Amino acid sequence: MRRTTAGVLGVQSLVASRVARAASYDPEAVVRVLEPLVTEARRVRLQEVISRRLASVSVVLDRPYDPHNGAAVLRSCEAFGLERLHVVERRGTPFAVARSVARSAEKWIDVTCHTSADSCIAWARTADMPLVATHPLGELVPEELAGLPRLALVLGNEREGIRKELARACGHRVRVPMRGFVESLNVSVTAAIVLHAATRNRAGDLDPDAKRRLYARGLYLSVDHADDILARA
């Protein structure tokens with residue numbers, strides 16, 4: 001049974017309503033109206049972080065059930081500059097995260113939920129994102145992921161691992177070398193270790209439209225009463 005804790009966000013409310021409203025505006029209009037209202041230091045910080053954002057690395061989280069682990073993975077995705085997290089949901093258990101663990105990372109990561117492994121595999125093929133599974137016997141070590149031009153890291157949960165059809169679609173497997181008796185780590189710890197290696201020294205590669213959209217979101221979230229200001233403009 002999935003843990004229930006105060007402050008857990010379900011799939012429908014994972015993206016705060018304010019973020020959803022920000023996405024409803026034309027990014028160019030948001031930038032034109034709100035940019036003059038934001039301090040130079042904030043504008044520089046937004047642009048600096050966005051310039052390092054990555055579309056070439058994504059994460060696929062398979063059948064998560066613990067909202068704390070889900071939030072920790074989401075937070076790692078944001079910390080290492082990813083643009084998107086894909087979730088293959090457990091039947092009857094929509095993806096949820098603990099707000100206290102996510103620490104506002106949900107504002108910056110776009111989450112796509114899939115109802116089946118086939119849907120996620122189809123996305124990976126269309127987006128040219130080779131799937132790389134985490135596995136104790138993987139032929140790759142984390143440092144080798146930096147040499148892959150594009151990849152989607154596939155993470156299972158501690159109880160069931162990665163479902164078979166998704167594992168079969170993975171072209172590589174990566175392991176976290178360990179010296180102790182345990183065979184694996186908590187999924188959120190594995191995500192952080194592998195993402196650190198996969199993103200190290202990787203240049204930001206968002207396309208101009210994605211950068212502009214994220215910049216507009218940052219401006220919107222930085223200005224009080226942004227809706228009223230945009231409405232008057």
Side-chain angles (χ1 to χ4, degrees), residues 1-5 8 54 56-82 84-98 100-103 105-106 109 111-114 116-121 123-124 129-148 150-200 202:
M1 181 179 296
R2 187 167 70 184
R3 207 173 2 167
T4 57
T5 307
V8 168
L54 297 168
S56 57
V57 180
S58 289
V59 164
V60 173
L61 188 54
D62 186 28
R63 294 180 293 182
Y65 62 87
D66 189 322
H68 295 76
N69 280 338
V73 171
L74 180 71
R75 187 171 171 180
S76 291
C77 288
E78 202 289 317
F80 292 108
L82 273 59
R84 187 171 295 276
L85 167 66
H86 288 260
V87 180
V88 184
E89 294 181 312
R90 179 183 301 276
R91 185 186 299 273
T93 308
F95 180 53
V97 300
S100 61
V101 179
R103 300 293 293 272
E106 70 275 6
I109 298 293
V111 179
T112 299
C113 292
H114 301 268
S116 69
D118 288 343
S119 171
C120 185
I121 294 168
W123 158 77
M129 294 291 286
L131 298 172
V132 178
T134 54
H135 193 280
L137 301 178
E139 70 278 7
L140 300 179
V141 293
E143 290 74 19
E144 293 177 279
L145 298 181
L148 300 180
R150 299 173 66 80
L151 71 129
L153 177 68
V154 182
L155 300 162
N157 63 66
E158 294 93 334
R159 295 181 181 179
E160 301 151 314
I162 301 169
R163 71 185 77 197
K164 293 180 180 179
E165 59 267 41
L166 194 53
R168 285 195 297 267
C170 295
H172 296 286
R173 300 186 303 175
V174 61
R175 70 185 188 277
V176 177
M178 290 177 286
R179 300 185 183 189
F181 292 107
V182 297
E183 293 184 353
S184 62
L185 298 167
N186 178 281
V187 62
S188 61
V189 176
T190 298
I193 291 172
V194 177
L195 285 177
H196 174 266
T199 60
R200 188 176 182 182
R202 195 181 289 261

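A quick note: this is a predicted structure, and the numbers were derived from the prediction, not measured.
- Scanning both residues, Gly70 and Leu61, for their nearest heavy atoms gives CA-CD2, 4.3 Å.
- Under the 3.5 Å distance criterion, the side-chain polar atoms of Arg173 are left unmatched by any main-chain donor or acceptor of Gly138.
- Residues Arg175 and Pro142 share a closest heavy-atom pair of O-CD, 3.0 Å.
- For the pair Leu151 and His172, the minimum side-chain heavy-atom distance is 4.5 Å or more.
- We find the CG-OG1 distance between Leu140 and Thr134 to be 12.0 Å, quoted to the nearest 0.5 Å.
- Of all heavy-atom pairs spanning Leu85 and Ile109, the tightest one is N-CG2, 3.8 Å.
- Annotation: side chain of Glu160 is in contact with side chain of Arg90 (closest heavy-atom distance under 4.5 Å).
- Looking only at side-chain heavy atoms (C-beta outward), Val60 and Trp123 come within less than 4.5 Å of each other.
- Not a single donor-acceptor pair under 3.5 Å links the side chain of Glu78 to the backbone N or O of Glu106.
- Nearest approach of Ala133 to Ile162, heavy atoms of both residues: CB-CD1, 3.7 Å.
- The distance from the CD1 atom of Ile121 to the NE2 atom of His114 is 10.5 Å, given to the nearest 0.5 Å.
- Two residues are said to be in side-chain contact when any heavy atoms from C-beta on lie closer than 4.5 Å; Pro64 and Asn69 fail this criterion.
- Ala191 approaches Leu155 most closely through the heavy-atom pair CB-CD1, 3.6 Å.
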List the steps and the verdict of side-chain contact (heavy atoms from CB on, under 4.5 Å) for Val57 and Leu153.
CA-CA 8 Å; Val57 180; Leu153 177 68; 5.8 Å; no
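- Atom OG of Ser58 and atom CZ of Arg150 lie 8.0 Å apart (nearest 0.5 Å).
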Please determine whether side-chain contact (heavy atoms from CB on, under 4.5 Å) holds for the pair Asp62 and Asn157, giving the CA-CA distance in whole Å, both sets of side-chain angles, and the decisive distance to 0.1 Å.
CA-CA 7 Å; Asp62 186 28; Asn157 63 66; over 6 Å; no
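- The heavy-atom pair separating Arg163 from Ala117 by the smallest distance is CD-CB, 3.6 Å.
- Two residues are said to be in side-chain contact when any heavy atoms from C-beta on lie closer than 4.5 Å; Ser188 and Val73 meet this criterion.
- Checked options Val174, Leu195, Leu185; the residue passing with Thr190 is Leu185 (criterion: side-chain contact (heavy atoms from CB on, under 4.5 Å)).
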